[in-house]
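First listed ligand is number 1; within each ligand, the first listed atom is number 1. The figures here come from the full heavy-atom set of this structure, side chains too, leaving out hydrogens, waters and symmetry mates.
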Amino acid sequence: MVIGILGFQGSVIEHQKMIEKLGEKYKIVKKIEDLKGIDGIIFPGGESTTMAKLLHIFGLYSPLRDAIANGLPVFGTCAGMILLAKEIVGEEPHFGLMDIKVRRNAYGSQIDSFSTHQKIEEFGNHEIPLVFIRAPWIEEISGETRVLYRLDGKIVCARENNMLVSSFHPELTNDLSVHQYFIRMIEENNRG
Ligand code: GLN
């Protein structure tokens, strides 16, 4: 299994380290050829508008959108979640693939970043650290999207078939369970 990590900017190395710890291979994706042979892709946290611009500049936007629309497993953390959303409050969407409406910087500015520990049943029976940095939340879901976790009433983790998104950053913690879950999504997809 090879897991792509969109490599323009943001928490790329942090995701890479999680994949390495779980014993899987990774590939940093920055150009069209890098999409060959990947079994899934991670969109890291960072700045969604910058990533979207670079996706267009490097010609990755359409092939990547097609691949995800055709079932390539994707895990979007924070900015990555914003990239996938069909609706962004007050802005045009980017990939527009997932039936979620997101609000950017919903928790306020950089100084309003925070962390907490919560149990998310989909990922296991223990509490995991949740780190929020200028995070979005999901205001609404529709279609086949499932809420995986609400924090104080706000949706911060969801899944729609091959797409997994979180407002928080598992890659900035020592807990591997969310990445482990994504690897299981890829295994299930590879089995067909
Ligand atoms: N605020 C960023 C955005 O809107 C997301 C922040 C993050 O990924 N930590 O793209």
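Around atom 5 (C) of ligand 1, the closest heavy atom drawn from G46, A135, P44, A106 belongs to G46.
Taking a 4.0 Å cut-off on heavy atoms, M51 fails to register as neighbouring ligand 1.
Under the ring pair (Phe, Tyr, Trp, His ring centres under 6.0 Å) criterion, Y149 pairs with no residue at all, not counting sequence neighbours. Checked against side chain to side chain donor-acceptor pair (under 3.5 Å), T50 has no partners two or more places apart in sequence or in another chain.
Any N or O atom pair closer than 3.5 Å counts here, and I133 shares at least one such pair with ligand 1. An N or O contact shorter than 3.5 Å is missing between T49 and ligand 1 by distance. On a distance-only criterion, A79 and ligand 1 share at least one N/O pair closer than 3.5 Å. Looking at ligand 1, you'll find an N or O of R134 within less than 3.5 Å of one of its N or O atoms.
The closest donor-acceptor contact from the side chain of Q118 to the backbone of E127 lies at 3.5 Å or more, if one exists at all. Between the side chain of T145 and the backbone N or O of I100 there is no donor-acceptor pair closer than 3.5 Å. Looking at D34, its side chain does come within 3.5 Å of a backbone N or O of K30 through a donor-acceptor pair.
Close approach of ligand 1 to S48 is summarised as follows: ligand atoms under 4.0 Å from at least one heavy atom of the residue are 3 (C), 4 (O), 10 (O). Per-residue contacts place I82 under 4.0 angstrom from the following atoms of ligand 1 (heavy atoms of the residue considered): 3 (C), 4 (O), 10 (O). Applying the 4.0 Å criterion to heavy atoms of E47 picks out, from ligand 1, the atoms 2 (C), 3 (C), 10 (O). Close contacts between ligand 1 and G45 involve ligand atoms 8 (O) [criterion: under 4.0 Å to a heavy atom].
Counting only N and O atoms by type, the side chains of T77 and H15 include a donor and acceptor under 3.5 Å apart.
Separation of atoms CE (M98) and CZ (R159) is listed at 9.5 Å; rounding is to 0.5 Å.
Looking only at protein heavy atoms, the nearest one to atom 4 (O) of ligand 1 is R104 NE, 2.7 Å. The nearest protein atom to atom 7 (C) of ligand 1, hydrogens excluded, is given as C78 SG, 2.8 Å; this is a heavy-atom distance.
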**Request:** Go through the steps for E171 and K17 under the test salt bridge (charged side-chain N to carboxylate O under 4.0 Å, His left out), then give the verdict.
**Result:** CA-CA 8 Å; E171 76 278 17; K17 286 188 178 145; over 6 Å; no

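Of the heavy atoms in N105, only side-chain atoms (C-beta onward) come closer than 4.0 Å to ligand 1.
L6 pairs with exactly one of L60, V12, I42 by the side-chain contact (heavy atoms from CB on, under 4.5 Å) rule, that one being L60.
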